[in-house]
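Structure first, then comments.
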Amino acid sequence: MSSQVFRISSESISEANARALADVEREYAALSESLERRGTLRSIGHDIDSLTDAAMQFTVAVPSWGVGTGGTRFGRFPGPGEPTNVFEKLADVATIHQLSGGAPDVSLHIPWDQTDDPNELKQFANNLGLGFDAMNSNTFQDQPGQALSYKYGSLCHTDAAVRSQAIDHNLEVIDYGKRIGSDALTIWIGDGGNFPGQIHLRRAYDHVFDSLSTIYKGLPASWRLFTEHKPYEPAFYSTVVQDWGTSLLLCQTLGPQAFPLVDLGHHLPNTNVELIVARLITAGRLGGFHLNDSKYGDDDLTAGSIHPYQLFLIFNELVDAQLDESVDKGTHKPAYMIDQSHNIKDPIEALIATVDETRKAYIQALIVDRGALHKAQECNDALAAELILKDAYDTDVRPILRMARHRQGAAIEPIAIYRGSGYRQAKAKERRADVNFGGGIV
Ligand code: PSV
Ligand code: MN
């Protein structure tokens, strides 16, 4: 375990917050007054402080692989002081949480983050105030010393021995996750074909289903299995779990502990993602999210950087379901995880911004005048309905987010504090510079 010496001091955060507080209080009071005057607070039955409480309670999990500099297939440009092992990744996540107040959990990827002693890792995380969200298995890459290759697939492979190796890996990930306090396994497989005819489309699905059934049997009763779909990459002709329909079919056949996971970037251009979210809620099977954004075929850009309105519309569906008594809250408890890879931005900054962006979309969805929206929908008044949504979306809720961070003891201006803290420079001295380390997705 590496010793991480430098931490941003809580005094420096509270001193900076004290300097910013008068301005924050002024803008917070102005927003409260404006929401009051517009009738928003009355219509949603909240005061501004309860919105702030909601922001404080909303958290997302950070992917361990997101704190390293990522890359493209053309190359990777590592930044100074990036983490070189899972302990250092956790230290970075703790910093993201310290500053943003909204990232207390980590999602690990095995074997990238595997250690010999899960108890030591759990203890290390606990000391940093962190917990663990869903575990991720990896059968989309070959690992050093691995007996059989995944070149032609893993859970779908034509060779039963390869399938069984991939199944065993997932069972080991469950075992590791149990020891560190996780309660979910996310399975994304790269399995599929690059050319028509390469794989038997139905048989490949059957193999995946059979393999998942065996993994499902190894799930502890309190765990959930998330199946993640993706239309293409690395298989460019036919992915086996290509869309939410296949993911839902798998989960419904597997059993009540299986739920489709929606990675926001895993859709063909112009797909209506909020509609998929609504359908999965109707089916009682929305597992959760991998938050990111995408312009063309990427799945790694910062959430809300390209399609902020889509992010808001997704949260609009989630809040609507949360308030709807007919939605079974026993199954509707989406997991919020980030899945981004940062090759241009400093990963810590990008992840702090993502926490903020996600909270923003959530609070904007909370201030939708839902009664008026439902009425407009019932009367088929498309214009009124759209304006109601836009009214919430156009509201600058950042004073609520700043106040939430202040009340949590996080940073009112997290990026400014981070930049002024010398964190990267300190980590560059502490950490072994290793340009070959696969800290991000390459
Ligand atoms: C695949 O593109 C994916 O979205 C899956 O969630 C993986 O686990 C993750 O990215 C990291 O490669
Ligand atoms: Mn993902």
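Tyr176 does not carry Lys178 over the face of its six-membered ring by the limits of under 6.0 Å from the centre and within 45° of the normal.
Between Asp191 and Leu155, the closest heavy-atom pair is OD2-N, 3.1 Å. Nearest heavy atoms, Ala410 versus Ser100: CB-C, 3.9 Å. Between Asp293 and Gly304, the shortest heavy-atom distance links the atoms OD2-N, 3.3 Å. Residues Leu301 and Ser294 share a closest heavy-atom pair of CD1-CA, 4.3 Å. Considering all non-hydrogen atoms of both residues, Pro269 and Tyr296 come closest at CG-O, 3.8 Å. In terms of heavy atoms, Ala376 sits closest to Ile388 at CB-CD1, 4.3 Å.
Using a 4.0 Å cut-off between a side-chain N of Lys or Arg and a carboxylate O of Asp or Glu, Glu357 and Lys360 qualify as a salt bridge. Arg279 has no carboxylate O lying under 4.0 Å from a charged side-chain N of Glu317, or vice versa, which leaves the two without a salt bridge.
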Test side chain to side chain contact (heavy atoms under 4.5 Å, CB included) on Val262 and Ile314 and set out the steps.
CA-CA 11 Å; Val262 180; Ile314 289 168; over 6 Å; no
List the steps and the verdict of side chain to side chain contact (heavy atoms under 4.5 Å, CB included) for Val241 and Ile189.
CA-CA 8 Å; Val241 189; Ile189 48 171; 4.2 Å; yes
Before giving the answer on ring-ring contact (aromatic ring centres under 6.0 Å, His included), spell out for Phe124 and Phe87 the whole-Å C-alpha distance, their side-chain angles and the decisive distance to 0.1 Å.
CA-CA 8 Å; Phe124 186 85; Phe87 297 100; 5.0 Å; yes
Check the pair Arg398, Arg402 against side chain to side chain contact (heavy atoms under 4.5 Å, CB included), reporting the backbone distance first and the verdict last.
CA-CA 6 Å; Arg398 287 175 301 174; Arg402 293 192 188 104; 4.0 Å; yes
Assess whether salt bridge (Lys or Arg N to Asp or Glu O under 4.0 Å) is satisfied between Lys375 and Glu378, documenting all intermediate values.
CA-CA 5 Å; Lys375 210 182 281 170; Glu378 290 305 313; over 6 Å; no
One pair to check against salt bridge (Lys or Arg N to Asp or Glu O under 4.0 Å): Asp92 and Arg431. What are the steps and the verdict?
CA-CA 12 Å; Asp92 282 2; Arg431 294 172 176 173; 2.9 Å; yes
Evaluate salt bridge (Lys or Arg N to Asp or Glu O under 4.0 Å) for Glu413 paired with Arg419, printing each intermediate quantity in order.
CA-CA 10 Å; Glu413 299 299 345; Arg419 288 193 171 187; over 6 Å; no
Please assess Leu250 against Tyr205 for the test side chain to side chain contact (heavy atoms under 4.5 Å, CB included), listing each intermediate value before the final yes or no.
CA-CA 9 Å; Leu250 280 171; Tyr205 173 89; 3.4 Å; yes
Given the rule in the ring-ring contact (aromatic ring centres under 6.0 Å, His included) test, do Trp244 and His229 qualify, once you have shown the distances and angles that lead to the verdict?
CA-CA 6 Å; Trp244 70 279; His229 60 272; 8.2 Å; no
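Taking the ring centroids of Tyr336 and Phe58, they lie under the 6.0 Å cut-off. Residues Phe140 and Tyr150 place their aromatic rings such that the two centres sit no closer than 6.0 Å.
Panel note: side chain Arg163, backbone Cys156; no donor-acceptor pair is recorded below 3.5 Å. Judged purely by atom type and a 3.5 angstrom limit, His342 has no side-chain atom pairing as donor or acceptor with the backbone of Lys345. Using a distance-only test at 3.5 Å, with no hydrogens or angles considered, a donor-acceptor pair links the side chain of Arg405 to the main chain of Ala411. A donor-acceptor pair under 3.5 Å is formed between the side chain of Asn170 and the backbone N or O of Ala166. Without hydrogens or angle criteria, Ser211 side chain to His207 main chain gives a donor-acceptor distance under 3.5 Å. No donor-acceptor distance shorter than 3.5 angstrom exists from the side chain of Gln242 to the backbone of Tyr232, with no hydrogens or angles considered. Of the possible polar contacts, one joining the Thr72 side chain to the Phe74 backbone as a donor-acceptor pair under 3.5 Å is found. Here the side chain of Glu386 pairs no donor or acceptor atom with the backbone of Ala382 at under 3.5 angstrom. At distances below 3.5 Å, not a single donor-acceptor pair connects side-chain atoms of Lys217 with backbone N or O atoms of Leu212. Of the possible donor and acceptor atoms, one in the side chain of Thr239 sits under 3.5 Å from a partner among the backbone N and O of Pro231.
Around CZ of Phe236, the count of heavy atoms belonging to other residues, nucleotides or ligands within 6.0 Å exceeds 12. Other residues, nucleotides and ligands contribute at most 12 non-hydrogen atoms within 6.0 Å of the NZ atom of Lys151. Within a 6.0 Å sphere centred on OH of Tyr152, other residues, nucleotides and ligands contribute 12 heavy atoms or fewer.
Looking at Leu121 and Gln114, their side chains never come closer than 4.5 Å, going by heavy atoms from C-beta outward. Looking only at side-chain heavy atoms (C-beta outward), Ile110 and Ser137 stay at 4.5 Å or farther from each other. Taking 4.5 Å as the limit, every side-chain heavy atom of Gln364 sits out of range of all side-chain heavy atoms of Thr395. With contacts defined as side-chain heavy-atom distances shorter than 4.5 Å, the pair Phe312/Lys390 does not qualify. At a threshold of 4.5 Å between non-hydrogen side-chain atoms, the residues Leu313 and Val277 do not count as touching.
A distance of 12.0 Å separates CG of Asp356 from CG of Leu99, quoted to the nearest 0.5 Å. With rounding to the nearest 0.5 Å, the separation of CG in Asp142 from CG in Leu148 is 9.0 Å. Trp223 contributes atom CH2, which lies 6.5 Å from atom CE of Met135 (distance to the nearest 0.5 angstrom). Here the CD-CZ distance, from Glu274 to Phe315, works out to 12.5 Å after rounding to the nearest 0.5 Å. Distance check: Leu261 CG to Arg224 CZ gives 9.5 Å after rounding to the nearest 0.5 Å. Within the model, atoms OG1 of Thr331 and NZ of Lys333 stand 8.0 Å from one another, a figure rounded to the nearest 0.5 Å.
For the pairing with Pro111, the side-chain contact (heavy atoms from CB on, under 4.5 Å) check across Gln146, Gln141, His169 returns one residue only, His169. Evaluated for a salt bridge (Lys or Arg N to Asp or Glu O under 4.0 Å) with Lys230, the options Asp299, Asp263, Asp339 yield exactly one hit, Asp299. Screening Leu248, Leu280, Ile276 for a side-chain contact (heavy atoms from CB on, under 4.5 Å) involving Leu286 leaves a single residue, Leu280. When each of Asn127, Asn126, Asn119 is paired with Gln123, the side-chain hydrogen bond (donor to acceptor under 3.5 Å, both in side chains) condition holds for Asn127 and for no other. Checked options Leu128, Val62, Asn85, Asp113; the residue passing with Leu90 is Leu128 (criterion: side-chain contact (heavy atoms from CB on, under 4.5 Å)).
Asn292 and His266 form no side-chain donor-acceptor contact under 3.5 Å, judged by distance and modelled atom types alone.
Using the six-membered ring where Trp is involved, Trp112 and His109 have ring planes that are tilted, between 30° and 60° apart.
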